[in-house]
Chemist: 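Here it is, the structure in full.
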Amino acid sequence: MTQYDYLIVGAGLFGSVFAHEAAKAGKRLKVIEKREHIAGNIYTEEVEGIQVHKYGAHIFHTSDPKIWDYVQQFAEFNHYVNSPIANYKGEIYNLPFNMNTFNKLWGVVTPEQAQAKIEEQKQVLKGKKPENLEEQAISLVGTDIYEKLIKGYTQKQWGQACDQLPAFIIRRLPVRLTYDNNYFNDKYQGIPIGGYTAMVEKMLDHELIDVETGVDFFANKEHYLADFPRIVYTGMIDEYFDYCLGELEYRSLRFESEVLDTDNYQGNAVVNYTDAETPYTRVIEHKHFDFGRQAKTIITKEYSKQWEPGDEPYYPVNNDRNNELYKQYAEMAAQTNQVIFGGRLGHYRYYDMHQVIAAALQCVRKELDNHSSGI
Ligand SMILES: Cc1cc2nc3c(=O)[nH]c(=O)nc-3n(C[C@H](O)[C@H](O)[C@H](O)COP(=O)(O)OP(=O)(O)OC[C@H]3O[C@@H](n4cnc5c(N)ncnc54)[C@H](O)[C@@H]3O)c2cc1C
């Protein structure tokens, strides 16, 4: 047995919040991370003085004042407000769908006119119950928004035509009848000044926490299980059980980054390419997250792809088959008393950052309550 109370597998947000809180309560922890760096998917790296979001653009947002206060102890946040734009064959539209979008699409000026236009376009379905994603989207926002802003983008995201995709993928499509380009409805929003990696570094900076990167749990699973009284595992739940019931499915992403010799490439942090022909889904210009004034710029093109072993599993595919399979793995996990499963991969669920922090805080509190005397 080691001198540690916990082994944390994964130095992402879930593992790091858990480690921070447990160390504050006097527990000794070892954190292992298979990548060569901490912070998981929120990892940022400074290049040319610009914080580059290496695993996709990350904007922190929450309406929960407790979560907002919580993150302030690790970073100061800037006042970035996410206002992505869509580029459809060179036509530019504001997102999320709002009065600016409708004015550009149809020339309408009042919310009433916009609403009437959407209602009129929904009628093509003649009241038919949507049977696929295409019909679902049209039933929510009409044909023009679907054709120009949803169809191509969604097809690229899922690698399948929208009339072949199930309707449940789009449950609702927020339509905002105000001239408001703020993507999120949340009360608080921003990006940590100095990057997310520095924020996570601060979480893990405690004398009771030892961090080792470049270490894969599965290289030594039996040894860890024998040595550590408690383990928090934030990797893929199906991998933990050696895929014994089958593989869960994920969507993955491929990123292509370039340093460009211009100070402003696209005038916005996030531009979605919503046509089907452009092979990437969006282009991120990282400096605009920080209002950067550097002479150069860095852009990243984001391509969506089918997950294959070895790829980073970015998005769980929560269809019936996978949800059912996950349920069976979760039942096995519940029998594994020594190991706590957490985070987006442990729970096979898409979590935003504020949600993963809330989940980690809830988990560590429960754990410390249950095990405070035993360890
Ligand atoms: C493209 C994209 C964009 C996003 N944008 C936003 C956004 O704008 N706002 C927002 O709030 N959220 C966003 N999110 C969600 C955000 O990334 C997650 O909430 C957060 O990263 C989840 O943290 P986690 O600790 O659960 O997982 P992770 O960050 O994946 O951490 C798990 C860690 O475990 C490690 N690991 C796995 N297996 C092993 C093993 N066998 N041994 C050792 N280590 C292992 C992994 O390498 C990883 O570092 C986005 C997600 C994606 C994919």
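If you're wondering where the values come from, they're calculated on a predicted model, not measured in any experiment.
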Chemist: If you apply the rule side chain to side chain donor-acceptor pair (under 3.5 Å), what do you find for D186 with H354, and how did you get there?
Modeler: CA-CA 11 Å; D186 284 311; H354 62 288; 5.0 Å; no
Chemist: Nearest 0.5 Å please: distance from the CG atom of L13 over to the CD atom of Q355.
Modeler: 11.5 Å
Chemist: Roughly how far apart are L361 CG and I67 CD1, rounded to 0.5 Å?
Modeler: 5.5 Å
Chemist: Quick one: do the N185 and R176 side chains pair a donor with an acceptor below 3.5 Å?
Modeler: yes
Chemist: Determine, step by step, whether L204 and V31 satisfy the side chain to side chain contact (heavy atoms under 4.5 Å, CB included) criterion, reporting the C-alpha distance in whole Å, the side-chain angles of both residues, the deciding distance to 0.1 Å, and the verdict.
Modeler: CA-CA 9 Å; L204 293 171; V31 179; 4.3 Å; yes
Chemist: Quick one: do Q121 and D144 satisfy side chain to side chain donor-acceptor pair (under 3.5 Å)? Show the steps, please.
Modeler: CA-CA 8 Å; Q121 295 204 346; D144 283 346; 2.8 Å; yes
Chemist: Rounded to the nearest 0.5 Å, what's the gap from CZ on R251 to CG on D311? Could you check?
Modeler: 10.5 Å
Chemist: Other residues, nucleotides and ligands only: do more than 12 of their heavy atoms fall within 6.0 Å of CG on D320?
Modeler: no
Chemist: Report the C-alpha separation of F217 and Y224 in whole Å, then their side-chain angles, then the decisive distance to 0.1 Å, and conclude whether the ring-ring contact (aromatic ring centres under 6.0 Å, His included) test is met.
Modeler: CA-CA 8 Å; F217 174 72; Y224 292 125; 5.6 Å; yes
Chemist: If you measure from the Lys or Arg side-chain nitrogens to the Asp or Glu carboxylate oxygens, is any gap between R254 and E256 under 4.0 Å?
Modeler: yes
Chemist: Is a side-chain donor-acceptor pair under 3.5 Å present for T213 with E36?
Modeler: no
Chemist: Distance-only, no hydrogens or angles: does the Q123 side chain make a donor-acceptor pair with backbone N or O of E119 under 3.5 Å?
Modeler: yes
Chemist: Kindly indicate, with the supporting measurements, whether the criterion ring-ring contact (aromatic ring centres under 6.0 Å, His included) is fulfilled by W307 and Y315.
Modeler: CA-CA 9 Å; W307 178 82; Y315 297 109; over 10 Å; no
Chemist: Going by side chain to side chain donor-acceptor pair (under 3.5 Å), name the residues that satisfy it together with Y179, two or more places apart in sequence or in a different chain.
Modeler: none
Chemist: Between the side chain of T336 and the main-chain N/O of V339, is any donor-acceptor distance below 3.5 Å?
Modeler: no
Chemist: So, the side chain of K287 versus the backbone of V52: is there a donor-acceptor pair under 3.5 Å, distance only?
Modeler: no
Chemist: Compare every heavy atom of V141 with every heavy atom of V175, then report the nearest pair and how far apart it is.
Modeler: CG2-CG1, 3.5 Å
Chemist: Could you please spell out the steps behind the side chain to side chain donor-acceptor pair (under 3.5 Å) verdict for Y188 and Q72?
Modeler: CA-CA 11 Å; Y188 311 103; Q72 304 300 312; over 6 Å; no
Chemist: Distance alone, cut at 3.5 Å: any donor-acceptor contact between the side chains of D180 and N182?
Modeler: no
Chemist: Tell me yes or no: between the side chains of E91 and Y93, is some donor less than 3.5 Å from an acceptor?
Modeler: yes
Chemist: Output all residues satisfying side chain to side chain donor-acceptor pair (under 3.5 Å) with N41, sequence neighbours left out; order by chain, then residue number.
Modeler: R35
Chemist: Does the ring-ring contact (aromatic ring centres under 6.0 Å, His included) test come out yes or no for Y250 and Y348, once each step is laid out?
Modeler: CA-CA 9 Å; Y250 300 86; Y348 192 63; 5.4 Å; yes
Chemist: Could you check whether the rings of F289 and H53 sit parallel, tilted or perpendicular, using 30° and 60° as the cut-offs?
Modeler: parallel
Chemist: Quick check on ring pair (Phe, Tyr, Trp, His ring centres under 6.0 Å): which of Y326, Y233, F218, F341 does F241 satisfy it with?
Modeler: F341
Chemist: Taking only residues two or more places apart in sequence or in another chain, which ones pass side chain to side chain donor-acceptor pair (under 3.5 Å) with N319?
Modeler: N322
Chemist: Are the side chains of N94 and K104 in contact, using a 4.5 Å heavy-atom criterion?
Modeler: no
Chemist: Looking at Y351, I'd like to know if the NZ or CZ of R344 sits under 6.0 Å from its six-membered ring centre while staying within 45 degrees of the ring's axis.
Modeler: no
Chemist: Tell me if a side-chain donor or acceptor on N103 pairs with a main-chain N or O of V109 at a distance below 3.5 Å.
Modeler: no
Chemist: Looking only at the side chains, is there a donor atom on one of N272 and N87 sitting less than 3.5 Å from an acceptor on the other?
Modeler: no
Chemist: Just wondering, are more than 12 heavy atoms of other shown residues or ligands nearer than 6.0 Å to CD in Q73?
Modeler: yes
Chemist: Kindly say whether E367 contributes a backbone atom to a donor-acceptor pair with the side chain of N370 at under 3.5 angstrom?
Modeler: no
Chemist: Quick one: do F102 and I145 satisfy side chain to side chain contact (heavy atoms under 4.5 Å, CB included)? Show the steps, please.
Modeler: CA-CA 9 Å; F102 308 143; I145 299 176; 3.5 Å; yes
Chemist: Could you go step by step and tell me if H61 and Y183 meet the ring-ring contact (aromatic ring centres under 6.0 Å, His included) rule?
Modeler: CA-CA 10 Å; H61 58 98; Y183 194 77; 8.5 Å; no
Chemist: Could you walk me through whether E302 and R282 pass salt bridge (Lys or Arg N to Asp or Glu O under 4.0 Å), step by step?
Modeler: CA-CA 5 Å; E302 195 172 301; R282 49 183 196 166; 3.1 Å; yes
Chemist: Just by distance, do the side chain of S16 and the backbone of A11 share a donor-acceptor pair under 3.5 Å?
Modeler: yes
Chemist: May I ask you to check whether Y146 and E134 show a side-chain donor-acceptor distance below 3.5 Å?
Modeler: yes
Chemist: Could you tell me if Y43 and E45 have a donor-acceptor pair between their side chains, going purely by distance under 3.5 Å?
Modeler: yes
Chemist: For Q157 and S304, does a side-chain donor sit closer than 3.5 Å to a side-chain acceptor?
Modeler: no
Chemist: For E258 and K301, what are the C-alpha separation, side-chain angles and deciding distance, and is it a side chain to side chain contact (heavy atoms under 4.5 Å, CB included)?
Modeler: CA-CA 9 Å; E258 294 168 67; K301 290 179 180 149; 3.6 Å; yes
Chemist: Between T197 and H37, do the side chains contain a donor N or O and an acceptor N or O under 3.5 Å apart?
Modeler: no
Chemist: Side chains of Y350 and D352: any donor to acceptor distance under 3.5 Å?
Modeler: yes
Chemist: Distance under 6.0 Å and angle within 45° of the ring axis: does K221 meet both against Y240?
Modeler: yes
Chemist: Looking only at side chains, do Q164 and N132 share a donor and an acceptor under 3.5 Å apart?
Modeler: no
Chemist: Is there a side chain to side chain contact (heavy atoms under 4.5 Å, CB included) between M332 and L245 once you walk through the steps?
Modeler: CA-CA 10 Å; M332 288 174 74; L245 305 174; 3.7 Å; yes
Chemist: Less than 4.0 angstrom from a charged side-chain N to a carboxylate O is my criterion; do D5 and R230 meet it?
Modeler: no
Chemist: So among T143, D275, L105, which one has a side-chain contact (heavy atoms from CB on, under 4.5 Å) with K148?
Modeler: L105
Chemist: What about F255 and Y314, are their ring centers closer than 6.0 Å?
Modeler: yes
Chemist: Among side-chain atoms of N82 and Y80, is any donor-acceptor pair under 3.5 angstrom?
Modeler: yes
Chemist: Just wondering, are more than 12 heavy atoms of other shown residues or ligands nearer than 6.0 Å to NZ in K66?
Modeler: no
Chemist: Do the side chain of Q306 and the main chain of G159 share a donor and acceptor less than 3.5 angstrom apart?
Modeler: no
Chemist: Answer yes if the ring centres of Y273 and Y280 are under 6.0 angstrom apart, and no otherwise.
Modeler: yes
Chemist: What distance do L140 atom CG and I170 atom CD1 have between them, rounded to the nearest 0.5 Å?
Modeler: 7.5 Å
